[in-house]
Amino acid sequence: MTTPLPFRNPDELAGILGVDIPRDILVEALTHRSFAYEHGGRHYERLEFLGDAILQQVVTLELYERFATLPEGDLAKRRAALVSTVALAEVARRIDLGPFIRLGNGEISTGGSAKSSILADVVEALFGATFLALGQAASTDLVLTLVGPLFDDVDRFGAAMDPKTQLQELCDRRGWAKPIYSITEEGPDHARLFTATVVIDGTPSGEGQSTSKKAAEGFAALAAWNSLAAG
């Protein structure tokens, strides 16, 4: 008897996205190289490459049309924020993408389905898969559906680009102490996972995880900024 895989049914994701991607392409878009190494088959990296180009094009055109008076430099900063790992990982978490991603045992043991880098890569792979299966119009619609809600959230562009600096500036404006970051780590050397916690005025204010200390601190800073800026 074959043991069922511990991942959600890809057909459920197709329903969430509202796109009718053939199952083989959809499964490829959801398959990490670690799973392909252990079980065979294709993984998502080629689709991710394609999806990145589609994302860049759609976001560039949408920014150009939405913000007719902004100079090139400001448009470039906004585009960089919208296509960043931080932004795409947020999109992925909003649709609960993690449980659909097929990971090898090593990635599962280190929480790969929650890693921002993997989540962002799979979002791009889904854009690529949609383009291959359904064409330009469908892939454009999917990009705008998933990334579109971030376009008008102007205050978060800078935070997504440089969260530690933005958090420091927020603390300065409000007269708070300088943010203090602490790091814990787990997992083997080849798959280390870092967890950062940022403390402001003695209060833990944000947490982030990544495979690098710098990125983990950035995610923690962004989490804190999102919480505190809204307060």
Side-chain angles (χ1 to χ4, degrees), residues 5-8 10 12-14 16-17 19 21 23-60 79-134 138-140 142-150 160-161 163 187 190-195 208-216 218-219 222:
L5 295 174
F7 314 114
R8 288 182 64 182
E12 296 179 39
L13 180 62
I16 292 170
L17 298 176
V19 290
I21 303 173
R23 187 182 176 86
D24 59 336
I25 300 177
L26 181 57
V27 168
E28 180 182 340
L30 295 170
T31 301
H32 189 263
R33 65 160 56 197
S34 62
F35 183 92
Y37 177 78
E38 293 177 9
H39 300 275
R42 300 167 69 92
H43 56 76
Y44 62 62
E45 292 180 10
R46 283 177 57 85
L47 290 174
E48 174 199 348
F49 171 79
L50 177 61
D52 174 69
I54 294 163
L55 173 66
Q56 294 276 350
Q57 179 191 53
V58 174
V59 168
T60 298
R79 178 178 61 192
L82 285 167
V83 303
S84 69
T85 296
V86 171
L88 295 180
E90 178 178 311
V91 166
R93 293 187 177 102
R94 191 171 70 234
I95 61 173
D96 196 22
L97 181 59
F100 292 100
I101 302 173
R102 298 182 170 214
L103 301 167
N105 290 325
E107 282 293 346
I108 291 174
S109 68
T110 58
S113 63
K115 292 179 183 177
S116 294
S117 57
I118 292 177
L119 291 170
D121 289 347
V122 175
V123 170
E124 291 183 331
L126 289 170
F127 295 150
T130 303
F131 176 84
L132 282 183
L134 304 172
S139 60
T140 295
L142 185 60
V143 171
L144 293 177
T145 296
L146 296 183
V147 182
L150 303 181
M161 286 301 299
H190 68 278
R192 188 73 71 189
L193 181 65
F194 298 93
T195 300
Q209 285 188 329
S210 184
T211 53
S212 77
K213 293 180 181 179
K214 181 178 179 181
F219 294 134
L222 184 62

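Considering every non-hydrogen atom in both L13 and F100, the closest pair reads N-CE2, 3.6 Å. Minimum heavy-atom separation, L150 to E90: CD2-OE2, 3.3 Å. The nearest pair of heavy atoms linking E38 to G106 is OE2-N, 4.0 Å. Nearest approach of S210 to L193, heavy atoms of both residues: O-CD1, 3.4 Å. The two residues A87 and L82 come nearest to each other via the heavy atoms CB-O, 3.5 Å. Minimum interatomic distance between F219 and G208 (heavy atoms only, all atoms of both residues): CB-CA, 3.8 Å.
Atom NE2 in H43 sits 9.5 Å away from atom OG1 in T31 (nearest 0.5 Å). Interatomic distance, K214 NZ to F194 CZ, rounded to the nearest 0.5 Å: 14.0 Å. Note that CG of L142 and CG of L55 are 10.5 Å apart. Values are rounded to the nearest 0.5 Å. For the atom pair L47 CG and I25 CD1, the distance stands at 7.5 Å (nearest 0.5 Å). Here the CG-OG1 distance, from D121 to T85, works out to 7.0 Å after rounding to the nearest 0.5 Å. Rounded to the nearest 0.5 Å, atoms CZ (F35) and CD1 (I108) are 8.5 Å apart.
Residues L88 and L119 have side chains not in contact (no heavy-atom distance under 4.5 Å, counting atoms from C-beta outward). Here the side chains of I54 and T140 are not in contact, with every heavy-atom distance at 4.5 Å or above. Side-chain contact between L30 and L97 is present, with at least one heavy-atom pair separated by less than 4.5 Å.
In this structure, R46 does not pair ionically with E28, as no charged nitrogen and carboxylate oxygen lie closer than 4.0 Å.
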Run L126 and V19 through side-chain contact (heavy atoms from CB on, under 4.5 Å) and show every step you take.
CA-CA 10 Å; L126 289 170; V19 290; over 6 Å; no
Test side-chain contact (heavy atoms from CB on, under 4.5 Å) on L132 and I21; report intermediate values, then the result.
CA-CA 9 Å; L132 282 183; I21 303 173; over 6 Å; no
Tell me, with the steps shown, if L146 and F127 meet side-chain contact (heavy atoms from CB on, under 4.5 Å).
CA-CA 10 Å; L146 296 183; F127 295 150; 3.8 Å; yes
Test side-chain contact (heavy atoms from CB on, under 4.5 Å) applied to F131 and V143, step by step:
CA-CA 11 Å; F131 176 84; V143 171; over 6 Å; no
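Around atom CZ of R33, no more than 12 heavy atoms belonging to other residues, nucleotides or ligands sit under 6.0 Å away.
Of the possible donor and acceptor atoms, none in the side chain of R8 sits under 3.5 Å from a partner among the backbone N and O of G98. A donor-acceptor pair under 3.5 Å links the side-chain atoms of S34 to the main chain of G104, judged by distance alone. The backbone N or O of V27 lies less than 3.5 Å from no partner atom in the side chain of R42, so there is not a single donor-acceptor pair.
Between the side chains of T60 and R79, at least one donor-acceptor pair of N or O atoms lies under 3.5 Å.
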